[in-house]
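Everything below concerns the one structure shown next.
Here the structure is a predicted model, which is why all the values come from computation and not from measurement. Throughout, protein chains are lettered first and strands after them, A, B, ... in sequence-line order, and every chain is numbered starting at 1.
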Protein chains: 2
Amino acid sequence: MAKTRRELAREEVMSQILELGREHLAVHGAAALSLRAVARDLGMVSSAVYRYVPSRDALLTLLIVEAYDRLGLVVEQAEAKVDRADLLDRFLVTAHTVRTWALTHPYEYALIYGSPVPGYAAPESTIGPASRVPVVLLGILRDCPEPALGRGRLDPVVHSALAPLATDAADGIPETLTARGLASWATLLGSISLEVFGHLTNVIASGPKARKAFFDHQMREVALGLGLA
Amino acid sequence: MAKTRRELAREEVMSQILELGREHLAVHGAAALSLRAVARDLGMVSSAVYRYVPSRDALLTLLIVEAYDRLGLVVEQAEAKVDRADLLDRFLVTAHTVRTWALTHPYEYALIYGSPVPGYAAPESTIGPASRVPVVLLGILRDCPEPALGRGRLDPVVHSALAPLATDAADGIPETLTARGLASWATLLGSISLEVFGHLTNVIASGPKARKAFFDHQMREVALGLGLA
DNA sequence: CAATATAGAGAGCACTGCTCTTGAAATGCA
DNA sequence: TGCATTTCAAGAGCAGTGCTCTCTATATTG
C-alpha cells in the first residue's frame with residue numbers, strides 16, 4: 001500500500017486544515033469560523049482549500065464529528081478506570097467528565113449540544129460518534145442488578161415511542177429504566193447547558209467550587225432516582 | 001405628552017425593524033439575520049437602519065428579549081388558567097407550553113436556550129424577561145404543602161452555592177425543594193433541547209404523538225420526584 | 001516520454017457589517 | 001413667521017465573507 005507523494009501531502013494538508021479549524025473554533029467560536037482565515041494560517045489562498053473541503057459547512061461537520069469523538073474518548077477512558085461494581089461512581093465520573101470537557105471546550109460543546117448550525121442536517125457520519133457518551137451511560141444501566149424499578153410497565157404509547165432506543169442500543173435494559181436513563185441524560189445535558197450558556201448567573205454562586213459542588217449534588221440525586229446506590 | 005411627528009415615525013420604524021427582524025429570525029435563523037436584508041424589506045438603505053439600531057448584535061439582543069417575553073407570556077397565561085390547587089397540572093401545563101412554543105419557534109428557542117451568540121454578554125435587559133418562566137415554576141413549588149421532601153438539610157457547600165436563588169426568587173421555598181426544582185428545570189430544558197436540536201433521531205419514534213407522549217411521561221416522572229401528586 | 005490528473009494561484013461575484021459624508025426634511029427658538 | 005439646529009435617509013466606500021471560474025505548474029500514470 002505505498003502511498004504516493006501526493007497522497008501523503010494531501011493527508012498532511014487535510015489534517016492541518018482540521019487542526020487549524022479546531023483552533024479557530026475553540027478560540028473564536030463556530031460563527032467566526034472562516035475558511036479564508038484557516039487558508040491564511042495555512043499559507044494558502046482561499047480557493048485552494050476548496051480542493052480539500054467542499055464548503056464551510058462541510059468543515060464544520062468534520063469538526064462536529066471530531067468534537068463528538070474527543071468528548072466520547074475522554075468519557076470512555078475516565079469511566080473505564082472506575083471499579084465496574086461501583087455504579088454510582090461510574091455515573092458520577094461520566095457526568096463530571098462531560099461537564100469538565102464542556103467547560104474547557106465551550107465552543108465545541110455548543111457546536112454539538114447547542115443550536116445546530118444553520119444549514120444543518122446531521123449526516124450519517126455524526127450518529128456513530130454522537131452516541132459514544134450515551135453508550136457509556138447505557139452500559140452503566142445494563143449493569144444494574146434490576147431493582148424495584150425494573151419491573152414496571154410503560155404506557156403503550158410511551159412504550160412504542162421508546163422503541164427505537166429500546167430495540168437497539170438499550171437492548172436488554174428494562175424499559176422503565178431506559179426511560180429514566182434518557183431523562184437523566186436530559187438532566188445532565190440541561191444542567192451543563194445552563195451553566196455553559198450562562199443561565200446560572202444570579203442563580204448559583206459563580207465560583208468554580210460552588211458550581212461543581214452543586215452539579216455533583218444534582219447528579220447524585222439523579223443517580224438516586226436511577227437506583228444506583 | 002404630545003409626540004412630535006418625528007417621534008411617531010421613529011417608533012413606527014423601530015417596531016417595523018423588530019417585526020421584520022423577528023420574521024427573518026423565525027424563518028432563516030439567527031445566523032442568517034442580516035441587517036441589510038431587513039433594511040431591504042423595509043425599503044431603506046442599509047446605513048439608515050443604523051440610526052435605529054447600533055449594530056447587528058444589538059438587534060439580536062432586542063430579539064432575545066422579545067423571545068423571552070413572548071415565551072414568558074404564553075406560559076404565564078397557560079398556567080394561570082389551571083386550578084391553583086392542582087399542582088401537577090400546573091406543572092404539566094407549564095412544561096408542555098414551553099415545549100410547544102419551542103417546537104413552533106425553534107430558532108427563537110435556539111436563540112435563548114441554545115448556544116449564546118458570539119459576542120454575547122447577556123445584558124441587564126434580558127435577566128427580567130428570562131426569569132418569567134422560572135418564576136412560574138417557583139410559584140408552583142411555593143404552593144407545595146411541604147411534604148416529606150421539605151425537611152432535609154443540604155450540604156453546607158451546596159447550601160451556599162444555592163444562596164443567590166434561595167435568598168431571592170426562591171424565598172420561602174425549602175432549599176431541598178428549590179434544588180430539585182432547578183434539576184427539574186434542567187430536565188425540562190434538556191428534554192426540549194434534545195428534541196428541538198435533533199438529538200432524538202433513532203432514539204424516540206419521530207411522530208408528533210410519540211414525541212409528545214414521551215415528553216409527557218418524562219414530565220410526570222419529574223413531577224413525581226418533586227412531590228406534586 | 002507523452003497524456004492526464006491534480007494542486008494551488010488569481011481574479012471576480014455577490015453578499016455581509018459598519019463608517020463617513022452629503023443633502024433634505026422636521027424641529028425648536030426668537 | 002424665519003432661521004438655526006437637530007435628525008433622517010441616501011450614497012459611496014472599506015474590509016471581510018463564501019464560493020466559482022480560469023489558468024499554470026507539477027505529479028502521476030500509461
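- The residue L42(B) sits apart from the nucleic acid: no heavy atom pair falls under 4.0 Å.
- The residue among Y50(B) and R6(B) whose nearest nucleotide of DNA chain C is located toward the 5' end is Y50(B).
- In this entry the distance linking CD1 of I17(A) with C1' of dG8(C) reads 12 Å, nearest Å.
- A perpendicular orientation is assigned to the rings of H96(A) and F215(A), their planes being inclined by more than 60° (bins at 30° and 60°).
- If you check every strand for non-hydrogen atoms under 4.0 Å, R36(A) touches a base.
- Looking at the side chain of R56(B), the nearest of the listed nucleotides dA9(C), dG17(C), dT16(C) is dG17(C).
- You'll find a donor-acceptor pair under 3.5 Å spanning the side chain of R51(A) and the base of dG8(C), going by distance alone.
- Proximity of a side-chain donor or acceptor of S131(B) to a complementary backbone N or O of P134(B) within less than 3.5 Å is not detected.
- The CG atom of L138(A) sits 6.0 Å away from atom CG of L165(A), with the distance rounded to the nearest 0.5 Å.
- Within the cation-pi definition used here (under 6.0 Å to the ring centroid, within 45° of the axis), R132(A) does not qualify as a partner of Y68(A).
- Between the CZ atom of R5(B) and the P atom of dA25(C) there is a distance of 12 Å, given to the nearest Å.
- At a cut-off of 3.5 angstrom, counting only N and O atoms as typed in the model, there is a donor on one side and an acceptor on the other between the side-chain of S47(A) and the base of dG10(C).
- Between Y107(B) and H28(B), the ring centre distance reaches or exceeds 6.0 Å.
- For DNA chain D, the contact window with chain A, defined by any atom under 4.0 Å from a protein heavy atom, covers dT17(D) to dT28(D) in 5' to 3' order.
- For dG17(C), the OP1/OP2 oxygens have a side-chain nitrogen or oxygen of S34(B) closer than 4.0 Å.
- S46(A) comes within contact range of at least one nucleobase, with a heavy-atom separation under 4.0 Å.
- A tilted orientation is assigned to the rings of H199(A) and Y113(B), their planes being inclined by 30° to 60°.
- Nucleotide dA26(C) holds its P atom 16 Å from the CD atom of E12(B), rounded to whole Å.
- Remark: C1' of dT19(C) and CG of L35(B) are 13 Å apart, rounded to the nearest angstrom.
- Using a 4.0 Å heavy-atom criterion, one finds that L8(A) contacts no nucleic acid atom at all.
- Salt bridge R220(A)/D216(A): present, at least one basic N to carboxylate O contact under 4.0 Å.
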